[in-house]
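One structure is given here, and the rest of the page talks about it.
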Amino acid sequence: MQMLYAGPRANRGFTLIELLVAVGVIGVLAALAIPHAVRAREHAANTAFISDLRVAREAFILYNHERNSYPPDKWPGVFPPEMTPYLSDFPWASPTPIRGSWDWDYLVFGITAAVSVYQPGVNPDQMSRIDTIIDNGDINTGDFRQRSGGYLSVIE
């Protein structure tokens with residue numbers, strides 16, 4: 001059996017051109033994937049926030065139906081102790097999925113009752129996208145709207 005001579009390149013590694021092409025292809029793939037990952041992360045945070053907001057709203061509504069009143073207003077991040085039986089596993093003291101603090105608003109901001117997020121760590125465009133899912137897409141009107149230092153979901 002005769003061996004074919006492969007030449008001097010047979011024992012060498014990749015050429016500089018081959019490495020540059022491989023790095024370029026990886027760079028293009030990364031450039032395409034990163035924006036999708038960022039959008040997916042934002043969508044997941046928005047969905048988790050909306051879900052948590054609905055749970056909190058329903059708990060305060062149930063409290064009101066059972067007692068014909070609401071708990072007193074609290075500072076952002078301070079859990080109303082009256083709500084313990086209704087929200088015992090709710091992460092009230094933790095940051096919301098969109099950062100910021102949960103807040104119970106009672107007889108403030110021109111409304112009777114609302115669950116708020118105080119100082120969310122997202123831009124107004126993201127809050128507008130959240131409002132489009134929850135309400136009317138306008139963060140200045142409707143049941144989900146802007147307030148001083150945050151956004152509130154009006155119950156009453």
Side-chain angles (χ1 to χ4, degrees), residues 1-62 73-80 83-84 86-106 108-111 113-155:
M1 177 174 267
Q2 182 178 352
M3 295 287 274
L4 295 175
Y5 178 69
R9 183 170 156 19
N11 292 329
R12 291 188 340 191
F14 294 105
T15 66
L16 180 59
I17 297 297
E18 291 169 332
L19 287 172
L20 288 175
V21 167
V23 168
V25 168
I26 291 169
V28 168
L29 291 174
L32 293 172
I34 288 173
H36 292 290
V38 168
R39 279 194 300 274
R41 184 177 183 199
E42 177 186 310
H43 180 71
N46 291 355
T47 302
F49 171 73
I50 291 166
S51 176
D52 286 351
L53 181 63
R54 287 181 176 152
V55 166
R57 281 177 46 89
E58 292 302 316
F60 282 98
I61 290 168
L62 180 59
D73 186 54
K74 297 293 180 195
W75 290 100
V78 176
F79 182 71
M83 295 302 296
T84 300
Y86 303 89
L87 290 170
S88 61
D89 293 332
F90 192 85
W92 193 273
S94 300
T96 73
I98 57 171
R99 298 180 296 285
S101 302
W102 290 109
D103 187 16
W104 168 242
D105 293 320
Y106 181 62
V108 293
F109 304 115
I111 51 92
V115 176
S116 299
V117 57
Y118 179 69
Q119 295 184 338
V122 297
N123 63 43
D125 290 336
Q126 186 172 349
M127 293 310 295
S128 240
R129 287 188 288 278
I130 290 170
D131 186 51
T132 300
I133 296 166
I134 294 174
D135 195 22
N136 61 4
D138 182 355
I139 58 174
N140 297 309
T141 64
D143 289 338
F144 185 78
R145 59 185 131 163
Q146 201 166 19
R147 61 157 250 206
S148 173
Y151 298 84
L152 54 83
S153 180
V154 178
I155 295 172

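Starting from 1, each residue takes its place in the sequence as its number.
If you take OG1 on T84 and CG on D89, they are separated by 11.0 Å, rounding to the nearest 0.5 Å. In this structure, CG on L87 lies 10.0 Å from CH2 on W102, to the nearest 0.5 angstrom. Distance check, rounded to the nearest 0.5 Å: OG of S116 to CG of L53 gives 9.0 Å. Between the CG atom of N136 and the CZ atom of F144 there is a distance of 11.0 Å, given to the nearest 0.5 Å. Summarising the geometry, atom CE belonging to M127 is positioned 7.5 Å from atom CD1 belonging to I134; distances are rounded to the nearest 0.5 Å. We find the CD-CD1 distance between E42 and I130 to be 7.5 Å, quoted to the nearest 0.5 Å.
I61 is listed as a side-chain neighbour of E58, based on a closest heavy-atom distance under 4.5 Å. Here the side chains of Q126 and N123 are in contact, with some heavy-atom distance below 4.5 Å. Between F49 and P120, every side-chain heavy-atom pair lies at or beyond the 4.5 Å cut-off. Annotation: side chain of K74 is not in contact with side chain of F79 (no heavy-atom distance under 4.5 Å).
A tilted orientation is assigned to the rings of F90 and W92, their planes being inclined by 30° to 60°.
When every heavy atom of S101 is checked against every heavy atom of T96, the shortest pair comes out as C-CG2, 4.0 Å. For the residue pair F60 and M83, the shortest heavy atom distance occurs at CE2-CG, 3.5 Å. Closest heavy-atom contact between R57 and V154: NH1-O, 2.5 Å.
Judged by distance alone, the side chain of S51 and the main-chain N or O of T47 form no donor-acceptor pair under 3.5 Å.
Centroid-to-centroid, the aromatic rings of Y118 and W104 stay 6.0 Å apart or farther.
Within the structure, salt bridge (charged side-chain N to carboxylate O under 4.0 Å, His left out) contacts touching residues 130-148 (residues at least two apart or in different chains) are D103-R147, D105-R147.
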